[in-house]
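Below is one structure; the comments refer to it alone.
In what follows, every heavy atom counts, from backbone to side chain, and hydrogens, waters and symmetry copies are set aside. Keep in mind it's a predicted model, so treat the numbers as computed, not measured.
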Amino acid sequence: MKNEPQLHHGARKIVPKSLETLIEMFILLGCKLSYREGGARWAMIGQNGIDFNIQLVEVDEVPIQIKNRVSSHVAFISENPKSVVDKVEKWATEKGLKFIKGGWSERELWFDLPDLFVDFAIEIMDRSIVEG
């Protein structure tokens with residue numbers, strides 16, 4: 001049965017001149033560039049086997065405070081959430097990027113790149129949460 005309408009993508013706001021850096025970060029999370037036209041300051045990223053994309057859009061807006069955005073997140077599932085967060089933290093440190101991390105529990109972690117994300121964070125959940 002085909003969904004009508006069919007869910008296609010969600011968009012997230014990022015600061016100007018951060019698109020290439022964030023595409024690189026999403027590649028660390030197992031994503032790939034799905035679509036980008038020329039020098040556009042937006043792009044679509046996704047994962048193989050999942051017919052849903054995240055559109056990253058550069059906007060001229062000041063990032064909102066972290067306490068107001070962790071509940072607005074892009075979520076991933078992992079066998080080892082801590083190792084994923086640690087990998088991105090190492091990458092961010094090497095790039096000289098501000099990195100903040102936290103969690104709601106040991107199985108539900110989040111991180112933020114507060115100078116690049118405008119209104120969201122990234123959540124990494126343990127696979128056991130969705131497996132029941």
Side-chain angles (χ1 to χ4, degrees):
M1 173 190 257
K2 184 176 180 177
N3 290 323
E4 179 58 36
Q6 182 178 346
L7 190 61
H8 184 262
H9 75 275
R12 292 293 179 203
K13 296 188 269 187
I14 59 176
V15 301
K17 300 180 182 170
S18 67
L19 182 61
E20 290 77 13
T21 300
L22 288 174
I23 289 170
E24 186 179 325
M25 188 231 31
F26 275 99
I27 288 171
L28 279 178
L29 295 174
C31 295
K32 63 181 176 81
L33 180 62
S34 299
Y35 181 80
R36 184 174 184 193
E37 188 171 321
R41 300 313 301 162
W42 66 271
M44 306 281 269
I45 54 110
Q47 285 186 322
N48 290 332
I50 300 173
D51 197 16
F52 183 82
N53 292 293
I54 302 296
Q55 182 179 20
L56 301 173
V57 183
E58 289 186 359
V59 296
D60 190 17
E61 295 180 24
V62 176
I64 64 173
Q65 293 182 352
I66 183 63
K67 68 179 183 175
N68 296 326
R69 67 177 171 197
V70 292
S71 61
S72 177
H73 51 262
V74 174
F76 288 83
I77 299 166
S78 172
E79 296 291 336
N80 189 338
K82 183 180 180 322
S83 71
V84 174
V85 172
D86 290 347
K87 177 171 65 171
V88 177
E89 182 176 23
K90 180 180 185 290
W91 170 84
T93 300
E94 290 170 357
K95 293 270 190 195
L97 300 171
K98 185 174 182 181
F99 183 88
I100 300 172
K101 64 183 175 181
W104 294 279
S105 72
E106 288 182 13
R107 299 184 321 154
E108 299 165 297
L109 306 178
W110 59 261
F111 69 85
D112 186 20
L113 297 169
D115 296 331
L116 303 182
F117 301 155
V118 172
D119 60 353
F120 70 102
I122 303 289
E123 180 180 29
I124 311 291
M125 298 185 309
D126 191 278
R127 183 167 306 282
S128 65
I129 289 173
V130 297
E131 292 176 346

Verdict with reasoning, H73 to W104, per ring pair (Phe, Tyr, Trp, His ring centres under 6.0 Å): CA-CA 13 Å; H73 51 262; W104 294 279; 5.7 Å; yes
Locate the shortest heavy-atom distance separating [X] from [Y]; write the atom from each residue and the value.
{"X": "V57", "Y": "W42", "result": "CA-CB, 4.0 Å"}
{"X": "F111", "Y": "V85", "result": "CD2-CG2, 4.2 Å"}
{"X": "V118", "Y": "V62", "result": "CG1-O, 4.1 Å"}
{"X": "E79", "Y": "D126", "result": "O-OD2, 3.8 Å"}
{"X": "S34", "Y": "G46", "result": "OG-N, 3.2 Å"}
{"X": "A43", "Y": "L33", "result": "CB-CD1, 3.7 Å"}

Consider only side-chain heavy atoms of I, L, V, M, F, W and Y, link residues closer than 4.5 Å, and tell whether [X] and [Y] are in one cluster.
{"X": "I14", "Y": "I27", "answer": "yes"}
{"X": "V74", "Y": "I50", "answer": "yes"}
{"X": "I77", "Y": "I45", "answer": "no"}
{"X": "F26", "Y": "W110", "answer": "no"}

Donor-acceptor under 3.5 Å ([X] side chain, [Y] main chain):
{"X": "S72", "Y": "D119", "value": "yes"}
{"X": "E123", "Y": "V70", "value": "no"}
{"X": "R69", "Y": "A121", "value": "no"}
{"X": "R36", "Y": "A40", "value": "yes"}
{"X": "K87", "Y": "L28", "value": "yes"}
{"X": "E58", "Y": "K17", "value": "yes"}

Any side-chain heavy-atom pair from [X] and [Y] closer than 4.5 angstrom?
{"X": "M25", "Y": "L116", "answer": "no"}
{"X": "V88", "Y": "F99", "answer": "yes"}
{"X": "F76", "Y": "L109", "answer": "no"}
{"X": "L113", "Y": "L22", "answer": "yes"}
{"X": "D115", "Y": "V15", "answer": "no"}
{"X": "I54", "Y": "R12", "answer": "yes"}

Calculate, to the nearest 0.5 Å, the distance between atoms [atom1] and [atom2] belonging to [X] and [Y] respectively.
{"X": "F120", "Y": "I64", "atom1": "CZ", "atom2": "CD1", "answer": "10.5 Å"}
{"X": "S78", "Y": "M125", "atom1": "OG", "atom2": "CE", "answer": "10.5 Å"}
{"X": "E20", "Y": "E24", "atom1": "CD", "atom2": "CD", "answer": "10.0 Å"}
{"X": "D112", "Y": "K98", "atom1": "CG", "atom2": "NZ", "answer": "9.0 Å"}
{"X": "M44", "Y": "L56", "atom1": "CE", "atom2": "CG", "answer": "9.5 Å"}
{"X": "S105", "Y": "I129", "atom1": "OG", "atom2": "CD1", "answer": "5.5 Å"}

More than 12 heavy atoms of other residues, nucleotides or ligands under 6.0 Å from NZ of K90: is that the case? no
